[in-house]
Amino acid sequence: MFPTALDTDADLAPFVALRRDLHQHPELAFEEHRTAGVVARCLREWGYAVTEGVGGTGVVGQLRRGTGGGRLGLRADMDALPIEEASGHPWASRRMGCMHACGHDGHTAMLLAAAHRLARDGGFDGTVNLIFQPAEEGGGGALRMMDDGLFERFPCDAIFAMHNMPGVPQGQLVFRAGPMMASSDYATVRLHGTGGHGGLPHRASDPIVAAASIVMALQTVVSRNVDPLQPAVITVGAIEAGRANNVIPALARLELSVRALDPSVRQLLQDRIRALVAAQAESLGVRAEIDWRPGYAVLVNDPAQTARARTVAERHFPASQVQPQGPMLTGSEDFAFMLERVPGSYLLIGNGAGDSAGACMVHHPAYDFNDANIATGARYWVALVRDLLPSPQP
Ligand SMILES: [Zn+2]
Ligand SMILES: [Zn+2]
């Protein structure tokens, strides 16, 4: 059923079908039981040593060839998002309010296509660990797998992951040495005032005025405290207070998203937010509480491993298809935690640009993974394994 070559439409058809099947059956973070089952069944059938239930619903497939001691890890993510799909495709999600809006169905299919070819044709010497992780979308599935002994049980000398990117021409491979994806932290600010009659503001302490003042004060952190050459974002994404025009409420709540591409900037943002919130609240006579929740770390690609990964692309793909040093992004990605433990690199694969369907941004109800990337992505994975774990010359 699964052919070894990935060069023709007919070769790809089973993997496109597999991708669309995963797309029809999306599963949220740590609920990827069906998806993990499909992955494990395929890998087992192709001769991999398969370990299920790593960090919840994670799956690791291990394949050894030859006698080489080199160990490589390739990661794909499996989870979907709580979004109602509006793509209109025949293979659209069959689950209400849940869809593969980030292309993790495609990442899984690309890695499975590569897995199949590596098992059939080999062409490498060493150990390949294929890591299928749960809960990339905010759930920290990478950390859960690591807490479950991922790298102790399946040691890797280097690790790699690939994510599709709408807005970039289909099949473009985008590399970047150094920081690439932002840290992402969350904070809830609660402002406790004294409620009262809207006509008697002097008898109350108004948390709404304090909230408004804090929102404006926060705008000075990026513009006045952060080095202008360093990216940083503070977004107040939710603000909630009061229910009536003639009542001063006792409580206001703000929800913040805080992003940086450098660990010291990340710390500076937290320090300044805490100081500003406390000072503004105090000056306006309300009490402030901050619940700070650290999210994903800054994703930093190892320069040496990135150079190796880029060289593979340059050797096997036309120069026009390889972007050697792409831009930093303010999205975040929990592969960052794996990269803190094992040197490696995270790369992007263009999902389509301009007016093409693949240009629709991830996390949008009309988004879909570009199936043409199953061939490109799998060919890249196979080339990476063979170049980094070369077979001895006869
Ligand atoms: Zn996403
Ligand atoms: Zn994603």
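For ligands, and for the atoms within them, numbers begin at 1 and follow the listed sequence. Treat the numbers as computed from the prediction; the structure is a model and nothing was measured.
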Aromatic plane relationship, Tyr346 with His163 - under 30° parallel, 30 to 60° tilted, over 60° perpendicular: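 Geometry flag for Tyr346 against His163: tilted rings.
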Whether His116 and Trp46 hold their rings parallel, tilted or perpendicular, with breakpoints at 30° and 60°: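 It falls in the perpendicular class, over 60°.
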Residue pair Gln305 / Asn301, side-chain donor-acceptor N/O under 3.5 Å: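 Gln305 vs Asn301: no donor-acceptor pair found between side chains.
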Under 3.5 Å side-chain donor-acceptor pair for Gln24 and Arg20: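 No - no donor-acceptor pair under 3.5 Å links their side chains.
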Neighbouring protein N, O or S atoms of the Zn ion (ligand 2) [cut-off: under 2.8 Å, no waters]: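 N, O, S partners closer than 2.8 Å: Cys102 SG, His104 NE2, His163 NE2.
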Salt bridge flag under 4.0 Å for residues Asp21 and Arg34: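 Looking at Asp21 and Arg34, the cut-off is met.
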Sequence neighbours excluded - side chain to side chain donor-acceptor pair (under 3.5 Å) pairs with any residue from residues 245-263: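 For residues 245-263: Thr188-Glu255, Glu240-Arg253, Arg253-Glu255, Ser257-Arg259, Asp262-Ser264.
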